[in-house]
There are 2 protein chains.
Amino acid sequence: MAAGSHLAVREEEARTVGGVTVADGSRAAILDAAAACFMAKGYAASSIDDVARSLGSTKGRIYHHYPSKGDLFADVFRTGMEANYAAIEPLRDIAGSAVARWRRMAMVHTRQMIVTRPYQRVVWEGVELYLRGATTPEQREEFARLMKYRNDYGAIFRQVIIAAREAGDMRFDDPRVTEQLMFVSLNSPLFWYTPRPGESERDIEMIVAQVVDFTARGLGVRT
Amino acid sequence: MAAGSHLAVREEEARTVGGVTVADGSRAAILDAAAACFMAKGYAASSIDDVARSLGSTKGRIYHHYPSKGDLFADVFRTGMEANYAAIEPLRDIAGSAVARWRRMAMVHTRQMIVTRPYQRVVWEGVELYLRGATTPEQREEFARLMKYRNDYGAIFRQVIIAAREAGDMRFDDPRVTEQLMFVSLNSPLFWYTPRPGESERDIEMIVAQVVDFTARGLGVRT
DNA sequence: AGTTCAACATACTACTCGGTATGTTGTCAA
DNA sequence: TTGACAACATACCGAGTAGTATGTTGAACT
């Protein structure tokens, strides 16, 4: 916001994170480092100095761009969520049955969990931090926005599976519980997937297929 | 271990955590408080003073029983794992098909996640801490034992689902991936379940049933 | 009655970390 | 050429925290 009126234009001015462009190049590098650090050690155990060190810089650089550690964390959170929306959005008004729509959305979502894993783990931890109320009153407001953002994302999936159930293509009981089970299942690569050297896109697609198949069956899709 | 040769016998000498008896009463109270605190704020964000405060005590009490914060955490971890073994063990040599055995094990396991939730969240975080290598060399050894302990527990389930697949009662591809999906699914109440006031055991059983049904279908069990 | 010791509480230290205040440098406009 | 300013680096402070060293007390044992 308030993207500098006439910032000095240099090479490496913009970057993308999971399909979402981040305006400033230096900020994007900080975001990447922060996401990696938060993923590796967790939010509380990660110090600003850790993030700066992984950049070959010092605290000054980070505090020049972000007013606080919490704001840096929130920006990583938001970037991860925006990447999810950007990946899902083209599928919103697609033709076909609800189950078919769900399957394509689920595959894109799961792939996103693998490809932008550091950011998505921050999103996950952010949700937990919010639920635990470990935020200052001011950041509480920002976090509330991010949580609403995230709930809207979940609502998209929920609508689709409810529509699929009404069409007789899915079978489940409580939609709230089922939504939780579905997301935990689709998100699970966050916890057990580790990139292997020399791994092809085929390998990733194999994993995605297994995750989505498991979840689809869990939702009562006939096979 | 080395349960005091002739400790002063007082009232409230022993307690149970999820069916497992903890020798010393005061230690058990510390364990409960630590588990609750670690669940509420996470390991890194929880201070020894926090745990002591929730007990109405001071650090002295905790450091009298535990040499370090990591050892306290490890003890919570081990207690949680022991509760899991104790719950599963009676089902090991039960009659019936592999699927039937799995379903009973899964129900007991999921119920355990709900009933002893603070301890199980510590187990979860402990696994992550170990995988991140955030331990001192000495505690690394203790943690390695605990991880082996945990892997053995997972192996029990893995054997059962492989047997069920060979019997034609389950359908899945890679057992490693499937085991991860299964546990993430069964453990998911750790993240989204919150005890409601005036909640009956029936309500919990309803949740357990939904979780196990979802997972069973995910594993390819016919319904 | 006196000794011992477990089970704590109190007081203190060394260190880390979030945040700030200030210095430095390269670049661009005029 | 020269100010102006963005983009950092450096130096520093205060708060919190893991761990230690030491004091205190009540109960058991002799």
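As the structure is a prediction and not an experimental result, all values here were calculated from the model. Lettering of chains follows the sequences in order, A, B, ..., and the numbering in each one begins at 1.
- Summarising the geometry, the separation between OH on B:Tyr66 and P on C:dA7 is reported as 13 Å, rounded to the nearest angstrom.
- Rounding to whole angstrom units, CD1 of residue A:Ile62 and P of C:dG18 are separated by 10 Å.
- Atom-to-atom, OH of A:Tyr63 to C1' of C:dT22 comes out at 16 Å; the value is rounded to the nearest Å.
- The phosphate of D:dC8 (OP1 or OP2) has a side-chain N or O of A:Ser26 nearer than 4.0 angstrom.
- Taking atom OH of residue A:Tyr43 and atom C1' of nucleotide C:dC17, one finds them 12 Å apart after rounding to whole Å.
- If you check every strand for non-hydrogen atoms under 4.0 Å, B:Thr58 touches a base.
- Both A:Gly60 and A:Asp49 lie near DNA chain C, and the one whose nearest nucleotide falls closer to the 5' end is A:Asp49.
- A straight line from CG of B:Asp50 to P of D:dA15 spans 18 Å, rounded to a whole angstrom.
- Between the side chain of B:Lys59 and the base of D:dA18, at least one donor-acceptor pair of N or O atoms lies under 3.5 Å.
- An OP1 or OP2 oxygen of D:dA7 is reached within less than 4.0 angstrom by a side-chain nitrogen or oxygen of A:His64.
- Atom C1' of nucleotide D:dA7 and atom NE2 of A:His65 are separated by 6 Å, given to the nearest angstrom.
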For B:Ser47 and B:Arg53, run side-chain hydrogen bond (donor to acceptor under 3.5 Å, both in side chains): C-alpha distance rounded to whole Å, both residues' side-chain angles, the deciding distance at 0.1 Å, then the answer.
-> CA-CA 10 Å; B:Ser47 71; B:Arg53 214 182 345 261; 4.7 Å; no

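- Between D:dA18 and B:Ser68, no contact under 4.0 Å exists linking OP1 or OP2 to a side-chain N or O.
- Applying the salt bridge (Lys or Arg N to Asp or Glu O under 4.0 Å) rule to pairs touching residues 175-202 of chain A yields A:Arg158-A:Glu179, sequence neighbours excluded.
- Nucleotide D:dA18 holds its C1' atom 12 Å from the CD atom of B:Gln139, rounded to whole Å.
- Nearest to the side-chain atoms of A:Lys69 among the listed nucleotides D:dT20, D:dA9, C:dG19 stands C:dG19.
- Without hydrogens or angle criteria, B:Ser46 side chain to B:Cys37 main chain gives a donor-acceptor distance under 3.5 Å.
- Across C:dG19, D:dA18, D:dA9, the shortest atom-to-atom separation from the side chain of A:Arg61 is found for D:dA9.
- Under the 3.5 Å distance criterion, the side-chain polar atoms of A:Thr116 are matched with a main-chain donor or acceptor of A:Gln112.
- If you take CZ of A:Phe73 and C1' of C:dG19, they are 19 Å apart, rounded to a whole angstrom.
- A salt bridge is absent between B:Arg92 and B:Glu89: the closest approach of a Lys/Arg side-chain nitrogen to an acidic carboxylate oxygen does not fall below 4.0 angstrom.
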